[in-house]
Enquirer: 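Please find one structure pasted underneath; my questions will follow.
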Protein chains: 2
Amino acid sequence: MAASSTGAARSRATGASGAPSKDVRGAILAEATRLFREHGVDGFSMRQIADAIGYSATTIYLHFKDKNHLMYAVCESGFAEFGASLAAAAASESDARERLRAIGRAYVDFALTHPLHYDVMFIRPKEWAIGPLTDARVGVGPEDPQRADPESFAELVQAVEAAVSARVFEGTIHQGADAREIAMRFWAAIHGVVALAISMNDQMRGFDHDAVRARGEVAIDAALGASR
Amino acid sequence: MAASSTGAARSRATGASGAPSKDVRGAILAEATRLFREHGVDGFSMRQIADAIGYSATTIYLHFKDKNHLMYAVCESGFAEFGASLAAAAASESDARERLRAIGRAYVDFALTHPLHYDVMFIRPKEWAIGPLTDARVGVGPEDPQRADPESFAELVQAVEAAVSARVFEGTIHQGADAREIAMRFWAAIHGVVALAISMNDQMRGFDHDAVRARGEVAIDAALGASR
DNA sequence: CCATCCTACTTAACAGTGTTAAGCGCGTCA
DNA sequence: TGACGCGCTTAACACTGTTAAGTAGGATGG
């Protein structure tokens, strides 16, 4: 019995395709990603993944420390895309004000096209203790284990600093405030729009894609333009 | 054996105090509330509650349909307080603009003083499917099972309508917009501030009470004052 | 007074969860 | 040939929410 089930796992792991497979880690990651995309963060269990790829659940622990680390690996590409997208948006505009707008738009866009990733990253990061903000990245990212701000936020702060220098906030409510604080306000304004949309779209109407995108635009304008 | 454990349950249920107890539902609710307040929404299991009050876990199901309904009962007072607090804030100011400010402040205040409730209500309502927005309230609230907007949001919309009539949004970014849409923007702006604070305060600095309160104030100003 | 019934509560169990410990088969290398 | 070690397994632990079936004890009706 043990032999037969082992054999079954083997044959499925090696795959019908012949030789190249045996990339168990890759298979786990692929199946986990599929489950995450399909059923969200809840339809995601170790045994489900293991069954689907023809291995026992404990095999996963040979490749990932625990569920959080697997989850992190699943989301890593999303995290990378998030960072790259914001960086690209920041680079796309030379005008300081327009650069902030572009960053904000990219942020909304990411949230709408990857709501599951956004959920894990910014809406309930505590539950997963993963993502660029946590020590799950220690070992992957910088060695310093003290929680540093995420790179993307640092980039936002930089963009705000440029805007401050360009006197974008002169005469607005943000005048005189710390760049970091202004960035926080900016972040909060946009997070509010998308987080509400993702958290509430089952419970309430008014959260369709277009409405949210428009609302994001308004939030950016409000954050940039409010005069005191 | 069965008799002895039954006896133990009895004696604890009836309580050392003598006669009055046997309010099992009340005991469950009290212990559940204690656990929720202490360990949050995660340190909250049926068996934990049951053990603490000296009953078996299944007894809970004689008083609550399932965990969600129990959770709802635990949060109900919080929900009521939320509604009452916003209503009081709305009633406290006669000027339309100041009324919106007061509502926003009350909202931030609730989120900061009851972060666990806020979490369950607005940050991850899907997980719990409870709260004023869901059908868990059907049977308690209005009979109509089609998801209606929560009362508090309706009240916000009313306050916005008054502000529209008072030309508060003339010359701002909100000019010409639907009152419901403006209310949504207002909500999103404040939600962003408090949700980020609650979700991220473990991962990042800059989310202390005072900073958040100040940021809420700025968000309200920004939402009210942005000129186009 | 005794038998029934009903209420309140129980235990046992199901189907799942993440995770750890121990064991087994097989290929490699000395 | 024997030892080692890698890759994977089964068994198990300690939980989770939830349901089904059973039991003790008081109230009620004949």
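Letters A, B, ... are given to chains in the order of the sequence lines, protein chains preceding strands, and every chain is numbered from 1. Computed from a predicted model, the values in this text were never measured in an experiment.
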Enquirer: In whole angstrom, give the distance that lies between atom CG of B:L62 and atom P of D:dT18.
Expert: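 Taking atom P of D:dT18 as the reference, CG of B:L62 is at 14 Å.
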Enquirer: Rounded to the Å, how far apart are B:I53 CD1 and C:dT10 C1'?
Expert: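 Distance, rounded to whole Å: 14 Å.
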Enquirer: Can you see if the side chain of B:S45 gets near the phosphate of D:dT16 - specifically, an N or O under 4.0 Å from OP1 or OP2?
Expert: yes
Enquirer: Side chain of A:T59 only, please: which of D:dT19, C:dG18, D:dT9 is the nearest?
Expert: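 The closest nucleotide is D:dT9.
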Enquirer: Toward the 5' end of DNA chain D, which comes first, A:T58 or A:R47, by nearest nucleotide?
Expert: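 Taking each residue's closest nucleotide, the earlier one in sequence belongs to A:T58.
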Enquirer: Quick check on the 6.0 Å ring-centre criterion: do A:F110 and A:F122 meet it?
Expert: no
Enquirer: From NZ of A:K65 over to C1' of C:dT20, roughly how many Å is that when rounded to an integer?
Expert: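 Those two atoms, NZ and C1', are 13 Å apart.
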Enquirer: What I want to check is whether the side chains of A:H191 and A:Y118 have a donor and an acceptor closer together than 3.5 Å.
Expert: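 Present: a donor and an acceptor within the cut-off.
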Enquirer: Suppose we call two aromatic rings close when their centres sit under 6.0 Å apart. Are B:Y72 and B:F64 close by that rule?
Expert: no
Enquirer: Closer than 4.0 Å, any side-chain N/O of B:Y55 to the OP1 or OP2 of C:dC9?
Expert: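 For C:dC9, OP1 or OP2 has a side-chain N or O of B:Y55 closer than 4.0 Å.
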Enquirer: Classify B:F44 by what it touches in the nucleic acid, base, sugar-phosphate, or nothing, heavy-atom distance under 4.0 Å.
Expert: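 Answer is sugar-phosphate: B:F44 comes under 4.0 Å of backbone atoms only.
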Enquirer: Check the distance between D:dT18's P and B:L70's CG and give it to me in whole angstrom.
Expert: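 My rounded result for the distance is 10 Å.
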Enquirer: Starting at atom CD1 of B:I49, determine the distance to atom P of D:dT16, rounded to an integer number of angstrom.
Expert: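 Whole-Å distance recorded here is 10 Å.
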Enquirer: On DNA chain C, compare the nucleotides closest to A:D66 and B:H63; which residue's is nearer the 5' end?
Expert: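 Nearest nucleotide further toward 5': that of B:H63.
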Enquirer: With the side chain of A:K67 defined as its heavy atoms from C-beta on, choose the nearest nucleotide among C:dT11, D:dC8, C:dT19.
Expert: C:dT19
Enquirer: May I have the distance from A:Y61 (atom OH) to D:dC13 (atom C1'), rounded to whole angstrom?
Expert: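 Distance, rounded to whole Å: 13 Å.
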Enquirer: Any chance the rings of A:F82 and A:H114 have centres within less than 6.0 Å?
Expert: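 When the ring centroids of A:F82 and A:H114 are compared, they turn out to be at least 6.0 Å apart.
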Enquirer: Output yes when a side-chain donor or acceptor of A:T59 lies under 3.5 Å from a complementary backbone atom of A:Y55, and no otherwise.
Expert: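 Between the backbone of A:Y55 and the side chain of A:T59 there is no qualifying donor-acceptor contact (under 3.5 Å).
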Enquirer: Taking only side-chain nitrogens and oxygens of B:Q48, does any of them come within less than 4.0 Å of OP1 or OP2 of D:dT16?
Expert: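 Result: yes.
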Enquirer: Rounded to the nearest Å, what distance is computed from the CG atom of residue A:D51 to the C1' atom of nucleotide C:dG16?
Expert: 12 Å
Enquirer: Taking atom P of D:dT18 as reference, at what distance in whole Å does atom CD1 of B:I28 sit?
Expert: 13 Å
